[in-house]
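Report on the following structure.
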Amino acid sequence: MQYCYFDTPLGIAKIEGNSEGISKISILESVAETNKAIPNNLQDCVDQLKEYFKGKRKQFNLKLNPEGTVFQKQVWQAINSIPYGKTISYLDLSKQLGNVKAIRAVANANGKNPLWIVVPCHRVIGSDGSLTGYAGGLYRKKWLLEHENPIKQQKLFN
C-alpha cells in the first residue's frame with residue numbers, strides 16, 4: 001500500500017492506495033508533512049482533488065478500491081450518485097436503497113465512508129436540512145457544501 005499527504009484548504013489529506021485503486025482518503029486533525037514526490041498510483045487522485053478545490057472539477061474519475069461490507073459499498077455507490085452542489089437526506093437515501101427502516105444503518109455506513117470528498121458523504125444531511133454528523137467535523141461539511149454551491153451576490157448596480 002502506498003500513501004501520500006498533501007495540503008488542502010481544510011487541512012492535510014492522506015491518500016492511500018495502490019495499482020488496484022484508491023482505498024482511503026482522509027483528512028487529518030494533526031499536522032503531517034506533505035509529500036514532495038507523489039507515488040504514481042496516487043498522482044491522479046491528488047491532481048483531481050486539487051482541481052476540485054480550485055472549483056474546476058465536479059466529478060471524479062478515479063479507480064476506487066475501498067474496504068467495506070457489501071451493504072456499505074451499496075450505500076457509498078448511492079452517495080456517489082448525488083450530483084455536485086446537491087444534497088439528499090438520510091431518509092431519502094434509505095428510500096433510494098429500498099428500505100426506509102434502514103436509516104440508521106445507512107447513516108452508519110455513510111459515517112464509515114473511507115473516501116473523503118470523492119464519495120461525497122458531505123452531501124447527505126438531516127431531513128430538516130441540518131448538517132448532522134460528519135467525521136471530518138461539521139465546519140468542514142459546511143465548507144464543502146458552500147464550496148459546491150456558493151451563494152451568488154446579486155449586483156446592486158449595473
Side-chain angles (χ1 to χ4, degrees), residues 1-68 72-90 92-93 96 106-107 109-126 129-158:
M1 190 66 62
Q2 298 173 313
Y3 63 92
C4 70
Y5 299 92
F6 80 101
D7 199 19
T8 78
L10 295 173
I12 303 293
K14 180 180 182 182
I15 301 173
E16 299 175 51
N18 56 28
S19 61
E20 299 297 313
I22 304 299
S23 59
K24 188 171 185 180
I25 304 168
S26 54
I27 188 75
L28 304 178
E29 293 301 327
S30 58
V31 177
E33 191 171 318
T34 58
N35 290 60
K36 303 285 186 261
I38 307 290
N40 286 341
N41 290 322
L42 308 180
Q43 185 65 57
D44 195 31
C45 184
V46 170
D47 293 343
Q48 289 189 36
L49 283 166
K50 285 180 179 179
E51 291 169 0
Y52 169 85
F53 283 114
K54 289 178 183 175
K56 297 181 179 191
R57 177 168 292 276
K58 295 183 179 184
Q59 283 187 297
F60 294 93
N61 182 19
L62 297 166
K63 185 176 179 183
L64 304 176
N65 189 26
E67 289 186 26
Q72 287 172 332
K73 289 179 180 182
Q74 288 173 335
V75 172
W76 301 335
Q77 187 173 6
I79 292 168
N80 214 15
S81 69
I82 305 168
Y84 182 93
K86 303 290 182 190
T87 58
I88 188 173
S89 72
Y90 290 98
D92 288 336
L93 187 57
Q96 184 179 323
V106 167
N110 186 55
K112 293 191 181 331
N113 169 24
L115 296 165
W116 182 62
I117 297 178
V118 172
V119 174
C121 60
H122 60 277
R123 296 179 189 156
V124 184
I125 60 173
S130 63
L131 303 183
T132 60
Y134 189 65
L138 289 180
Y139 74 97
R140 286 188 179 113
K141 184 172 189 165
K142 183 177 186 280
W143 189 98
L144 291 166
L145 292 173
E146 288 174 353
H147 174 71
E148 293 183 5
N149 198 5
I151 298 169
K152 304 283 191 240
Q153 177 76 28
Q154 292 184 352
K155 281 188 173 179
L156 297 175
F157 305 101
N158 287 336

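Position 1 is the first residue of the sequence; numbering continues from there.
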List the steps and the verdict of side chain to side chain contact (heavy atoms under 4.5 Å, CB included) for Arg57 and Tyr84. CA-CA 9 Å; Arg57 177 168 292 276; Tyr84 182 93; over 6 Å; no
Side chain to side chain donor-acceptor pair (under 3.5 Å) between Asn65 and Glu20: does it pass, once the steps are laid out? CA-CA 6 Å; Asn65 189 26; Glu20 299 297 313; 5.1 Å; no
Does Lys142 form a side chain to side chain contact (heavy atoms under 4.5 Å, CB included) with Leu138? I'd like the steps, not just the answer. CA-CA 6 Å; Lys142 183 177 186 280; Leu138 289 180; over 6 Å; no
When you look at Glu148 and Arg123, which way does the salt bridge (charged side-chain N to carboxylate O under 4.0 Å, His left out) test go after all the steps? CA-CA 10 Å; Glu148 293 183 5; Arg123 296 179 189 156; 2.8 Å; yes
Check the pair Lys112, Gln72 against side chain to side chain contact (heavy atoms under 4.5 Å, CB included), reporting the backbone distance first and the verdict last. CA-CA 8 Å; Lys112 293 191 181 331; Gln72 287 172 332; 3.2 Å; yes
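When all heavy atoms of Gly68 and Lys73 are compared, the closest pair comes out as O-CE, 3.5 Å. Listed here is the closest heavy atom pair of Ser89 and Asp92: OG-N, 2.9 Å. A pairwise comparison of heavy atoms in Asn80 and Pro120 identifies OD1-CD, 3.6 Å as the closest pair. Ile27 and Gly136 make their closest contact through CG2-CA, 4.1 Å (heavy atoms, listed as atom of the first residue, atom of the second, distance). Shown here for Leu145 and His122, the closest heavy-atom pair between the two residues is CD2-O, 3.5 Å.
Of the options Leu64, Ile38, Leu62, a side-chain contact (heavy atoms from CB on, under 4.5 Å) to Cys45 is made by Leu62 and by none of the others.
The backbone N or O of Ser19 lies less than 3.5 Å from a partner atom in the side chain of Lys63, making a donor-acceptor pair. Of the possible donor and acceptor atoms, one in the side chain of Arg140 sits under 3.5 Å from a partner among the backbone N and O of Leu10. Remark: side-chain polar atoms of Ser23 are paired, donor with acceptor, to backbone N or O of Glu16 under 3.5 angstrom. In this structure a side-chain-to-backbone donor-acceptor pair under 3.5 Å is present from Asn113 to Val119. Side chain of Trp116 to main chain of Ile15: no donor-acceptor pair is present (N/O by atom type, distance under 3.5 Å, no hydrogens or angles). Judged purely by atom type and a 3.5 angstrom limit, Gln48 uses its side chain to pair as donor or acceptor with the backbone of Asn61. Judged purely by atom type and a 3.5 angstrom limit, Lys141 uses its side chain to pair as donor or acceptor with the backbone of Thr132.
At a threshold of 4.5 Å between non-hydrogen side-chain atoms, the residues Phe60 and Leu115 do not count as touching. Here the side chains of Ile25 and Leu49 are in contact, with some heavy-atom distance below 4.5 Å. Contact annotation: the side chain of Leu93 approaches that of Ile79 to within less than 4.5 Å [non-hydrogen atoms, C-beta and beyond]. For the pair Ile125 and Ser130, the minimum side-chain heavy-atom distance is 4.5 Å or more. In this structure the side chain of Thr87 never reaches within 4.5 angstrom of the side chain of Val124, judged on heavy atoms. Counting only heavy atoms from C-beta outward, the side chains of Pro114 and Trp76 approach each other to under 4.5 Å.
One finds the NZ atom of Lys14 at 11.0 Å from the CG atom of Leu42 (value rounded to the nearest 0.5 Å).
Under a cutoff of 6.0 Å and an axis angle of 45°, Lys58 and Tyr52 do not form a cation-pi pair.
Counting non-hydrogen atoms of other residues, nucleotides and ligands closer than 6.0 Å to CD of Gln77 gives a total of 12 or fewer. Counted within 6.0 Å of CD on Glu51, heavy atoms from surrounding residues, nucleotides or ligands total more than 12; the atom is thus considered enclosed.
In this pair, Tyr3 and Tyr5 present their aromatic rings perpendicular. The plane angle is above 60°, beyond the 30 to 60° band.
Remark: Asp47 engages Gln43 in a side-chain contact (heavy atoms from CB on, under 4.5 Å) (not counting sequence neighbours).
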